[in-house]
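Values reported hereafter were calculated over all heavy atoms of this structure, with side chains retained and with hydrogens, waters and symmetry mates removed.
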Amino acid sequence: MKTETPSVKIVAITADEAGQRIDNFLRTPVKGVPISMIHRMLRKGEVRVDKQRITPEYKLEAGD
């Protein structure tokens, strides 16, 4: 049985993207993934900002 290895993607937030919530930001790069799964990934710590676990309500800042 072949298992998929999770990939890590590092993204720098631009001034245009700053101010939006992380859960809304993630909807674009992971199209087709339900928002409930995005929230689950955030709760499990699979998405991090500056090496820190964050909540779905986290607002992005330029340079994050």
Side-chain angles (χ1 to χ4, degrees):
M1 182 164 139
K2 185 179 178 183
T3 59
E4 218 174 287
T5 304
S7 62
V8 174
K9 185 172 184 179
I10 298 173
V11 178
I13 303 303
T14 64
D16 293 338
E17 297 165 331
Q20 64 179 311
R21 286 173 40 144
I22 185 72
D23 57 349
N24 292 329
F25 172 78
L26 290 173
R27 292 183 93 173
T28 302
V30 290
K31 288 183 181 174
V33 175
I35 193 72
S36 60
M37 183 174 281
I38 291 172
H39 282 218
R40 187 176 320 125
M41 290 168 38
L42 290 165
R43 279 194 311 273
K44 290 171 80 177
E46 294 174 359
V47 177
R48 294 180 179 242
V49 174
D50 297 330
K51 300 181 182 178
Q52 301 292 316
R53 293 177 81 161
I54 51 169
T55 65
E57 295 82 23
Y58 177 82
K59 293 203 183 231
L60 294 169
E61 297 176 12
D64 275 352

Do you know which two heavy atoms are closest between Leu26 and Val30, and how far apart they sit?
O-CG2, 2.6 Å
Please determine whether the number of non-hydrogen atoms from other residues, nucleotides or ligands lying under 6.0 Å from atom CZ of Arg27 exceeds 12.
no
Counting only pairs under 3.5 Å, give me each side-chain donor-acceptor contact of residues 33-54, with atom names and distances, residues two or more places apart or in other chains.
residue : atom : partner : partner atom : Å
His39   : NE2  : Asp23   : OD2          : 3.0
Arg48   : NE   : Gly45   : O            : 3.2
Arg53   : NH2  : Arg43   : O            : 2.7
Arg53   : NH2  : Lys44   : O            : 3.2

Separation of Gln20 CD from Thr28 OG1 (nearest 0.5 Å)
7.0 Å
Quick check on side chain to side chain contact (heavy atoms under 4.5 Å, CB included): which of Ile13, Val11, Asn24 does Leu60 satisfy it with?
Ile13
Can you list everything that forms a side-chain hydrogen bond (donor to acceptor under 3.5 Å, both in side chains) with Glu61? Sequence neighbours excluded, please.
none
